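Below is one structure; the comments refer to it alone.
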Amino acid sequence: MTVESTAPRKTRGGKRAGSRKPAGEPQLVQLLTPEGERVEHPDYAIDVTPEELRGLYRDMVLTRRFDGEATTLQRQGELGLWASLLGQEAAQIGSGRASRADDYVFPTYREHGVAWCRGVDPVNLLGMFRGVNNGGWDPNENNFHLYTIVIGSQALHATGYAMGVAKDGADSAVIAYFGDGASSQGDVAEAFTFSAVYNAPVVFFCQNNQWAISEPTEKQTRVPLYQRAQGYGFPGVRVDGNDVLACLAVTRAALDRARSGQGPMLIEAFTYRMGAHTTSDDPTRYRRDEERELWEAKDPILRLRRLLEREGHADEAFFAELEAESDALAKRVRDTVRTMPDPDRMAIFDNIYADGHALVDEEREQFAAYQASFADEESR
Amino acid sequence: MTVESTAPRKTRGGKRAGSRKPAGEPQLVQLLTPEGERVEHPDYAIDVTPEELRGLYRDMVLTRRFDGEATTLQRQGELGLWASLLGQEAAQIGSGRASRADDYVFPTYREHGVAWCRGVDPVNLLGMFRGVNNGGWDPNENNFHLYTIVIGSQALHATGYAMGVAKDGADSAVIAYFGDGASSQGDVAEAFTFSAVYNAPVVFFCQNNQWAISEPTEKQTRVPLYQRAQGYGFPGVRVDGNDVLACLAVTRAALDRARSGQGPMLIEAFTYRMGAHTTSDDPTRYRRDEERELWEAKDPILRLRRLLEREGHADEAFFAELEAESDALAKRVRDTVRTMPDPDRMAIFDNIYADGHALVDEEREQFAAYQASFADEESR
Amino acid sequence: MAIEKLSISKAINASLRTALETDPKVLIMGEDVGKLGGVFRVTDGLQKDFGEDRVIDTPLAESGIVGTAIGLALRGYRPVVEIQFDGFVFPAYDQIVTQLAKMHARALGKVKLPVVIRIPYGGAIGAVEHHSESPEALFAHVAGLKVVSPSNAADAYWMLQQAIQSDDPVIYFEPKRRYHDRAEVDTEAIPGPLHAARVVRQGTDLTLAAYGPMVKTCLEAAAAAEEEGKSLEVLDLRSISPIDFDSIQASVQRTRRLVVVHEAPVFFGSGGEIAARITERCFYHLEAPVLRVGGYHAPYPPSRLEDEYLPGLDRVLDAVDRALAY
Amino acid sequence: MAIEKLSISKAINASLRTALETDPKVLIMGEDVGKLGGVFRVTDGLQKDFGEDRVIDTPLAESGIVGTAIGLALRGYRPVVEIQFDGFVFPAYDQIVTQLAKMHARALGKVKLPVVIRIPYGGAIGAVEHHSESPEALFAHVAGLKVVSPSNAADAYWMLQQAIQSDDPVIYFEPKRRYHDRAEVDTEAIPGPLHAARVVRQGTDLTLAAYGPMVKTCLEAAAAAEEEGKSLEVLDLRSISPIDFDSIQASVQRTRRLVVVHEAPVFFGSGGEIAARITERCFYHLEAPVLRVGGYHAPYPPSRLEDEYLPGLDRVLDAVDRALAY
Ligand SMILES: Cc1ncc(C[n+]2csc(CCOP(=O)(O)OP(=O)(O)O)c2C)c(N)n1
Ligand SMILES: Cc1ncc(C[n+]2csc(CCOP(=O)(O)OP(=O)(O)O)c2C)c(N)n1
Ligand SMILES: [Mg+2]
Ligand SMILES: [Mg+2]
């Protein structure tokens with residue numbers, strides 16, 4: 001039988017779209033239940049020390065605190081916009097901690113948790129949201145590329161980078177993040193094609209947070225996203241995106257697989273965007289509170305805390321210290337952002353070209369002269 | 001087990017590309033063997049009368065003759081270019097005869113056999129290759145869209161058209177043709193996504209003729225192309241593209257399936273481009289003669305002739321008449337093309353806009369005046 | 001009621017509603033245009049009233065949106081496509097310039113492509129990268145497309161009606177920073193031609209030509225200049241392809257000086273086309289070279305710099321002074 | 001041997017070979033660039049000599065080609081991408097203008113994007129649709145890109161060397177109808193700056209400015225005009241972003257008349273930009289408006305009409321006459 005069949009929908013013309021079913025319970029890799037219980041998975045064993053568990057917990061708590069602080073700063077007018085990762089901490093910390101220093105990470109605009117794992121100062125993430133730059137860190141410092149806003153583009157950059165890694169004979173791997181919405185972009189499909197054909201050491205990490213702004217995943221696909229990979233000739237797996245251990249284990253395995261010359265892999269982290277798409281968004285217009293409540297019960301931080309507490313891996317002092325560390329982080333973020341200076345106006349003309357461009361030089365001069373004319377006027 | 005795994009390549013960085021293996025024998029739907037024997041397939045039964053068999057044979061013979069004539073005309077300088085379908089007659093005639101008059105067809109630039117089935121006068125196909133127009137027929141006359149040169153674009157047009165068919169509540173279907181190379185284009189992937197999400201009545205007919213100009217299919221995918229569909233949530237099937245009966249049966253089934261509201265399907269017709277990519281191409285630079293010889297043994301016309309002869313479905317008179325008909329067609333094509341006039345130079349300014357455009361009007365007038373100035377000079 | 005005071009975004013919404021009501025073939029397509037009503041709420045309420053079959057939330061793929069819109073147009077529909085922000089039109093650029101723009105000609109007129117592509121464009125809204133660009137020149141250069149941009153609510157309503165009724169593809173650029181600007185819209189008035197410029201302020205010393213968001217800036221500049229005793233004429237071009245050169249010429253032959261203002265980068269922008277053509281048409285009338293005020297040859301800067309980057313009152317007046325100094 | 005007589009296509013091939021030899025980070029990528037050596041044989045023999053790891057046949061997906069080239073550049077490679085024909089660059093347009101052009105600025109200079117995109121462009125080769133377009137304006141408008149086009153074999157060789165050595169993305173437009181034009185190439189000469197125009201014929205009555213395939217046409221026009229006693233200066237612009245306005249200005253201040261010639265449509269084309277800026281710079285020097293000769297606002301026509309459509313000798317001379325008549 002050569003037909004690979006999936007149950008077709010019986011209606012036509014998108015008529016079904018209104019009747020959105022609540023997300024079912026898909027088959028997914030899970031190592032830690034919402035109740036905080038460790039479970040095993042035949043393909044993805046993981047050994048984590050209590051210290052590592054505390055570390056993952058700390059990462060998630062600090063990330064969430066930072067994220068919350070950023071949302072507040074936006075409300076206070078210190079940022080123009082903020083894209084919150086609330087609810088996606090496990091997907092980001094688990095996958096982020098799976099990568100090695102020599103691996104390279106290509107994020108979207110929401111990977112604050114991954115950035116944290118890579119060692120990017122969270123304050124630097126805020127520059128573009130404040131409007132003082134379009135990318136406020138050196139990508140090569142932490143092998144963490146700039147945030148990419150145009151959906152899906154970075155999947156190709158990651159693939160190209162991975163092709164380069166393979167050419168160099170290095171044993172590093174590359175990881176590209178994108179969302180459920182992004183899976184529809186032609187660029188992501190082309191990245192699948194290129195990575196498969198060149199057997200590039202790249203892992204595609206799709207955070208399916210159920211929504212692309214106001215559109216549910218059903219508007220992007222009618223079968224689970226992890227299945228997309230198979231038709232391109234590499235494996236796909238769905239992981240519980242709210243389970244930091246599963247995300248860590250699966251991503252580590254995928255990166256190792258890539259590293260060892262076995263090519264690309266797609267990970268679909270099944271998670272939920274607990275907040276608005278960005279601070280400009282109003283999700284009450286398109287989704288029901290009950291859905292959010294359902295996912296609240298699966299909170300990634302809470303379940304790890306339950307494990308830590310049940311197993312006695314962390315005591316009150318740990319949680320108290322972490323609380324204090326969170327407060328300190330929040331304060332530092334707040335203070336630094338509030339005093340983050342506007343760029344010099346002449347920066348408009350900086351870094352457009354590495355080797356210069358006559359027109360830029362001319363316009364820079366004209367602009368400077370124009371600005372000087374006001375200064376002259378004022379001083380007169 | 002949630003990983004959908006495929007055997008990965010063990011090498012990296014495209015190093016494997018040099019060692020192209022001869023095409024294996026993939027699992028494919030076949031109803032007529034290269035030796036001309038009818039075989040059955042559990043999913044695709046077909047009942048064809050001797051008359052229908054003769055009809056399919058006639059279609060293929062006339063198409064090949066027309067195609068050969070066009071190649072000759074190109075060599076004689078009557079056409080600027082020709083893209084031959086040699087070897088792909090079964091894929092095109094089988095699928096072409098599967099569509100109903102009310103279905104709509106979106107071709108690439110090589111679907112001369114499909115055009116024939118749709119009732120497009122072959123002479124009209126030659127206009128763009130001669131350089132007298134960019135599309136020489138009314139698409140709505142035979143529900144056969146214009147040839148599309150930019151690879152993959154038409155897959156989206158077909159999907160949109162099919163969305164419209166569904167909106168109209170019509171029970172027609174749409175078929176989009178493209179090649180193995182085209183499968184890498186983002187537009188084709190997006191067409192898969194849209195057609196699945198809207199459950200559009202569209203059939204994707206990929207003629208895998210093993211080559212995209214000089215690049216073998218391994219440069220586009222590392223797994224069989226028909227498998228691509230599954231990850232988008234609809235079925236894919238590989239059919240013997242040199243078997244006109246299998247192509248007819250599978251395409252008919254897919255169109256009926258679409259018609260009845262079951263959505264898209266991908267057909268990979270496994271065939272071979274026997275000639276050059278176009279008359280500008282030189283395949284000796286990139287492929288071995290032996291490969292061609294291998295495929296010659298699978299010739300689509302020969303195998304049907306064997307069946308007709310063995311079963312006594314056609315006599316000498318039939319073949320002789322067909323020969324005469326071929327000659328007549330060739331002569332008509334030759335004569336018509338040779339006298340095909342160049343377009344009037346003012347046609348440069350025609351049909352750019354349906355509702356007119358001031359600048360076009362202005363430039364048309366200037367051009368006319370400029371031309372007239374020569375006439376004046378000459379008449380002086 | 002035929003006359004209403006509406007914001008530009010509400011006028012566009014009303015125009016889409018009228019189109020959906022009067023022509024069953026009109027469709028709205030785009031990302032988040034349904035329940036959300038678009039990120040600017042321009043399509044607010046339309047899916048509720050006209051259903052998911054006519055107001056279509058699409059997958060996140062701009063080439064797919066425009067490509068399927070072309071197919072729908074071939075089937076007899078009149079899709080009105082929304083691109084969420086200016087910077088996100090480029091994944092669809094191939095379908096727009098290679099297919100949408102050329103298919104009517106390719107078919108020798110046998111098929112028509114009545115597709116409207118609405119693009120909120122321009123800066124000054126404090127947004128992140130890719131949300132503030134002005135790419136109109138990249139469409140105007142391409143034959144087969146028409147390109148327009150309203151500057152006020154009445155035009156927003158009527159020009160969209162006309163764009164939807166046109167059998168040609170129309171790129172309809174919406175001045176997003178002016179979405180909230182309100183004006184009276186007469187939905188029963190008979191509009192003038194879609195591609196005609198309009199004198200929005202008469203003057204004698206110099207002509208300011210602009211479109212979209214810069215019309216208001218030019219009007220403010222003209223008001224400020226008046227206080228200094230300079231009489232500026234302001235022309236709202238409204239259409240960028242075609243450009244109503246006759247009206248510009250007529251104005252310049254009176255005022256003898258022209259400054260063109262747009263947000264888009266000056267280099268290869270509409271100002272160059274206008275300057276070249278008007279200089280050719282008015283060579284003996286011009287007392288000064290046509291001057292251009294627009295964006296620099298730079299990526300749109302981070303928002304804290306956009307006030308410095310964007311042409312504002314002062315830069316317009318500076319160019320006016322320079323032109324008058326000749 | 002340092003001096004050889006080469007065709008433009010062979011000169012490009014030689015330049016690619018030099019780059020592959022001298023810098024192990026240089027890669028060639030594109031459709032059919034390997035065994036076939038490209039549809040124009042420009043990359044002939046390179047894969048054989050440098051291997052599949054450095055001369056890479058890519059999947060058929062232009063966005064993928066440019067997108068992965070960006071990634072390779074981030075890894076330290078210097079990809080030289082071939083787009084098979086002008087009309088096939090648009091699927092990659094988003095990656096080019098949104099990513100390639102802006103990433104250096106986005107990163108505040110921390111990353112460099114030394115990617116060259118080679119595009120055979122222009123008409124007059126009797127080809128089918130999409131194989132004869134001149135889209136340079138669509139790239140020149142975009143900050144972050146450099147755009148050049150050689151007109152002869154020596155420039156073809158050296159400008160490509162310089163483009164590959166540049167740390168900026170360069171769009172390198174190859175005048176495909178001139179691929180077979182031969183000239184002496186000195187591969188040891190020290191070249192002038194990549195973005196400088198060059199006077200290729202001196203004259204006193206009028207300046208013809210062109211680039212790529214039209215330089216030869218302008219030289220022929222100048223020769224023909226000489227027989228009528230008109231002395232035309234011909235400027236090979238070589239670079240379209242930036243444009244060497246200083247050299248044009250210097251020439252026009254001598255000749256006082258300028259005609260700009262390109263194959264691309266005039267509307268929003270480079271001629272407009274040049275006319276606007278030169279008129280501003282030379283307002284009191286110009287005896288006539290800057291005239292433009294180029295393509296019409298029409299899709300590139302079927303090949304049997306291309307001689308009528310393309311600017312040729314006659315149309316250039318017609319414009320010269322009109323300019324001289326002022
Ligand atoms: C090409 C492009 N089109 C549209 C947008 C506007 N946009 C920003 S985020 C977004 C939704 C993305 O959804 P998803 O990929 O699921 O990521 P998420 O935001 O859920 O993390 C859209 C449509 C964009 N940034 N780029
Ligand atoms: C976007 C685009 N890129 C490149 C080309 C040049 N080109 C024309 S045909 C072709 C190969 C197509 O291969 P395939 O899809 O397998 O179809 P086939 O020619 O084998 O029928 C290429 C690269 C094109 N027409 N469009
Ligand atoms: Mg999402
Ligand atoms: Mg093929």
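A quick note: this is a predicted structure, and the numbers were derived from the prediction, not measured. Note on naming: letters A, B, ... go to the chains in the order of the sequence lines (proteins, then strands), and numbering restarts at 1 for each one.
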Exercise. Below 4.5 Å from any heavy atom of chain C, which atoms of Glu136(D) appear? Answer side chain, backbone, both or neither.
Key: neither
Quiz prompt | Spacing of Arg256(D) atom CZ and Cys282(D) atom SG [to the nearest 0.5 Å] | solution = 9.5 Å
Quiz item: Can you tell which of Val97(C), Ile96(C), Asp94(C), Thr98(C) has the highest number of heavy-atom pairs within less than 4.5 Å of chain D?
Solution: Asp94(C)
Practice problem: Counting only heavy atoms closer than 4.5 Å, note whether Glu133(D) contacts chain C via side chain, backbone, both or neither. | Solution: side chain
Quiz prompt | Value rounded to 0.5 Å, distance of CG in Leu258(C) from CG in Leu206(C) | solution = 7.0 Å
Quiz item: Listed by residue number, which members of residues 316-326 of chain D have a heavy atom under 4.5 Å from any heavy atom of chain C?
Solution: Arg322(D), Tyr326(D)
Exercise. Find the distance between CD1 (Ile83(D)) and OH (Tyr172(D)) and round it off to the nearest 0.5 Å.
Key: 15.5 Å
Practice problem: Would you check if the side chain of His104(D) reaches a backbone N or O of Lys110(D) as a donor-acceptor pair within less than 3.5 Å? | Solution: no
Exercise. Enumerate the residue pairs fulfilling salt bridge (Lys or Arg N to Asp or Glu O under 4.0 Å) with a member in residues 97-108 of chain D, sequence neighbours excluded, ordered by first and then second residue.
Key: Glu129(C)-Arg106(D)
Practice problem: Give a yes or no on whether the backbone of Tyr211(C) and the side-chain of Ser149(C) come within a donor-acceptor separation of less than 3.5 Å. | Solution: no
Quiz item: Who wins among Pro265(D), Ala92(D), Ser63(D) for the most heavy-atom pairs under 4.5 Å with chain C?
Solution: Pro265(D)
Quiz prompt | Heavy-atom contacts under 4.5 Å, residues 297-310 of chain C to chain D | solution = His297(C), Ala298(C), Pro299(C)
Quiz item: What's the spacing between Ser241(D) OG and His141(D) NE2 if we round to 0.5 Å?
Solution: 11.0 Å
Self-check item: Contacting moiety of Ala137(C), where chain D heavy atoms sit under 4.5 Å
Solution: both
Quiz item: Just by distance, do the side chain of Tyr93(D) and the backbone of Leu138(D) share a donor-acceptor pair under 3.5 Å?
Solution: yes
Quiz item: Which bit of Ser270(C) comes within less than 4.5 Å of chain D, counting heavy atoms only: side chain, backbone, both or neither?
Solution: both
Quiz item: Which of parallel (below 30°), tilted (30 to 60°) and perpendicular (above 60°) describes His131(C) and Phe88(C)?
Solution: perpendicular
Self-check item: Residues in side chain to side chain donor-acceptor pair (under 3.5 Å) contact with Thr68(C), at least two apart in sequence or another chain
Solution: none
Self-check item: Flag, side chain of Arg118(C) to backbone of Glu82(C), donor-acceptor distance under 3.5 Å
Solution: no
Self-check item: Which atoms of Phe267(D) approach chain C - backbone, side chain, both or neither, heavy atom under 4.5 Å
Solution: both
Quiz item: Among Ala105(D), Pro135(D), Ala275(D), Ala140(D), which residue forms the greatest number of heavy-atom pairs with chain C at distances under 4.5 Å?
Solution: Ala140(D)
Quiz prompt | For chain C, the option from Val290(D), Ile278(D), Thr279(D) that forms the most heavy-atom pairs under 4.5 Å | solution = Thr279(D)
Quiz item: Is it the side chain or the backbone of Val89(D) that comes within 4.5 Å of chain C heavy atoms, both, or neither?
Solution: neither
Exercise. Rounded to the nearest 0.5 Å, what's the gap from CG on Asp167(D) to CG on Leu113(D)? Could you check?
Key: 9.5 Å
Quiz item: Under the criterion side chain to side chain contact (heavy atoms under 4.5 Å, CB included), which of Ile65(C), Val170(C), Leu100(C) is the partner of Ile117(C)?
Solution: Leu100(C)
Self-check item: Salt bridge flag under 4.0 Å for residues Asp86(C) and Lys176(C)
Solution: yes
